[in-house]
Amino acid sequence: MRSRKPTVVVLSTLLAATLGTVTAPSAALGQPTSTVPGTTAAEPNQVTGLTVTQADGYATVAWTPVPDATDYQIERTPVDASDVATGPAVVVGVWRPNRQINNESPTFADAGFDPGLRFQWRVRARIGTAEQPYSAPVTGTTQQPWGDPAVPGENLRTQWETTKAAQYTGDVDEYAYTAEIDRRSDRVRVVELGRTVLNRPINMLVIGYPAPPVTPAAVAATSPLAINCNVHGNEPGDREACLVLARKLAFGSDAKTIDLLKHTTVLIVPTINGDGRAANTRGNSTGQDLNRDYSLIRQPETAAYVKMLRDYRPVAGYDGHEYGNSTAGDLPMLPPRHQNVAKQIFDESLDMIEGHMYVEGAKDGWWACPYGCQGGSGVGLSEETILRNTLGLKNTVNSLLELRSSGGQTRPDEGNSANNRRRKTYSALWTFSQFLDYHRAKLPEIKKARGEAIEFQASNTGRLVFRGSRPIPLHPAPHPGEAGPRDDLPVPEMILDNAPCAYKLTEEQYNGARTDGPGGVGATVAQRIVAHGWKVVKGTDGYYVPLAQPERGLIPLLLDAQGAEEWVDGTRVYPTRTGRHNGPLTISGFACLSDATVNGPVTVRPGAILIATGTTISGPVSAAGATGVFLADSTVRGPVSVSGTTGAVSLVDNTISGPVSVAVNNTGSDPALIAGNSVSGPLSCAVNSPAPTNIEVANSVNGPKSGQCAAL
Ligand SMILES: [Zn+2]
């Protein structure tokens with residue numbers, strides 16, 4: 001963090017007085033440098049208090065505001081080691097008061113220059129269109145690209161870096177660069193998530209300290225964060241930032257990097273759309289926009305990403321893009337707004353953007369704003385096919401990131417494409433670095449939001465919305481941008497007030513051949529459900545997909561005829577029992593209890609399916625040889641025993657007064673879910689295949705936890 005506290009200013013002023021012009025001898029070592037010339041204006045309306053702080057690929061220019069200024073121009077001049085100009089002075093920035101949330105401390109992140117060169121900066125105010133006197137100049141040497149050229153590993157450079165942004169890093173160069181990072185750093189493992197339509201590898205860097213955990217489940221236990229760098233092939237700026245960031249994380253020896261990687265695992269997917277990147281097209285090789293496919297997973301690229309989400313379970317994410325609006329902010333961002341996203345996830349995502357990115361952006365000079373930012377009424381809406389919303393529906397705190405494509409009026413020196421490319425990439429590098437900081441600082445809050453969201457979704461309460469967004473309220477003035485996306489409230493046809501208990505699919509719907517993939521061949525719905533990680537139970541009359549599970553908000557969007565882009569028109573299955581039941585209850589076939597009260601024991605017979613939400617049961621729950629047992633948001637006054645289940649087991653957010661035993665359940669590839677329960681007695685699990693999981697939502701157990709549940 002580069003703050004401008006009074007003590008720093010005094011020290012810098014002393015240095016400036018002693019040394020004359022302060023040079024930046026430590027810039028090559030990555031140390032921020034700062035200079036403050038005299039703070040007294042020699043002329044009326046002259047900018048004073050100019051400081052320039054060097055960072056990775058940009059320089060934060062800051063000054064004391066001039067009363068009544070309309071805007072400011074930031075001028076940059078190349079200089080030699082003696083601070084003699086070697087080229088013309090150029091206005092590289094225009095600072096406007098809609099830029100940041102703290103106009104009393106104006107800052108501008110100057111970027112686009114070739115890192116390592118030396119410059120002089122000056123700033124002047126304009127009142128109306130009248131130009132006021134320039135400030136006294138400040139000179140400094142900008143930071144070299146990260147990594148000591150003499151240290152193996154650190155000295156790796158991307159094709160984009162070695163060509164000074166004349167070329168983007170090609171596919172083969174990316175594979176060689178990431179493989180070399182993997183080879184030279186114990187912290188990094190490159191895994192192949194899948195292949196594109198044209199058989200390009202889709203790689204992910206898994207980064208931890210001193211080494212990343214070995215299995216996806218072990219990575220999941222570290223509450224990882226994921227950066228998706230390049231889904232639209234013709235928006236490559238973020239990807240170059242990801243490759244630089246990977247090098248810093250792999251080889252950086254600073255305390256902050258080590259501390260971060262000791263506490264979590266960073267997942268970076270440089271190129272989910274390798275075919276589109278190679279062809280410089282938005283879509284993949286079939287023309288499909290992959291960021292309209294993350295729910296549908298018709299394409300191998302999106303299917304690979306969704307399986308990664310299922311297995312690695314990132315708690316937070318960023319999705320990188322570029323945005324062709326020259327009047328918007330530097331860094332349009334947006335949280336998952338779809339109304340089926342749990343409010344906790346929406347709120348935490350909005351906090352990441354407005355509570356962190358806006359605040360840090362105002363310090364460092366980057367202009368974050370709500371996507372759209374100006375006249376953006378048709379963007380940032382509720383399609384669940386967009387990764388931002390898909391991630392939210394998977395209970396992942398996340399944001400879209402757009403890099404403003406062209407310089408526009410506030411960055412007038414970007415006619416040169418290299419200048420433009422460098423500004424975009426280094427603004428992405430800033431954002432992703434801030435994302436890591438946010439995750440490190442706010443992980444308890446992120447995990448709490450995720451846990452509560454999972455419990456909310458599994459409770460299957462509240463209305464369902466097929467399309468429709470939460471509004472993005474205007475940030476209190478001064479607003480960082482002019483206007484965010486439109487409210488996008490759901491229309492009546494997109495609302496289902498009475499949520500079903502489950503969807504039932506026919507054999508044809510579930511296992512039938514599909515034609516919606518590349519070349520007219522698509523994965524079956526069964527395969528796609530596995531990719532998303534949903535639980536399914538095969539009954540005597542069809543396949544049941546209960547809503548009492550963590551992705552409840554996503555399931556109807558793909559299985560309900562009312563969905564805007566669904567896979568199949570499944571049959572809504574409504575609760576079979578609500579209200580009060582006195583005496584023992586025996587379940588045969590299929591039963592769904594919703595907000596029910598059972599005054600007596602519940603017995604689930606062999607082959608039966610029980611789904612219960614919001615239900616109170618006075619007496620034991622005993623299931624032996626059932627096909628499926630789903631119990632969520634319920635209270636059981638007595639023991640719970642689930643054994644010999646052949647389909648699926650899910651116990652989420654229940655209050656159980658007796659012992660809980662989960663044993664000898666063989667649930668195929670999908671582990672029993674035991675998460676967020678409060679158990680007054682012991683919790684024991686044995687001989688389940690596979691072993692149960694809590695997806696990082698801990699149970700509160702008064703008695704001992706034993707066997708396969710010892711760590712849940
Ligand atoms: Zn995009």
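From a predicted model like this one, the values you see are computed outputs, not experimental measurements. Each ligand, and each atom within it, is numbered from 1 in the order the structure gives.
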Provide the atom name of the closest N, O or S atom of [X] relative to the Zn ion (ligand 1).
X      : answer
His321 : ND1
His232 : ND1
Glu235 : OE1

Is a donor from one side chain sitting under 3.5 angstrom from an acceptor on the other, for Glu348 and Tyr438?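 Distance-only check passes for Glu348 and Tyr438.
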Do Asp487 and Arg470 sit within salt-bridge range, that is, some charged N less than 4.0 Å from a carboxylate O?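 Here Asp487 does not pair with Arg470 in a salt bridge, since their nearest N and O are not under 4.0 Å apart.
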Residues Glu384, Arg467: salt bridge by 4.0 Å N-O rule: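 A salt bridge links Glu384 with Arg467.
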What residues, two or more places apart in sequence or in another chain, satisfy salt bridge (charged side-chain N to carboxylate O under 4.0 Å, His left out) together with Arg247?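 Expected list: Glu161.
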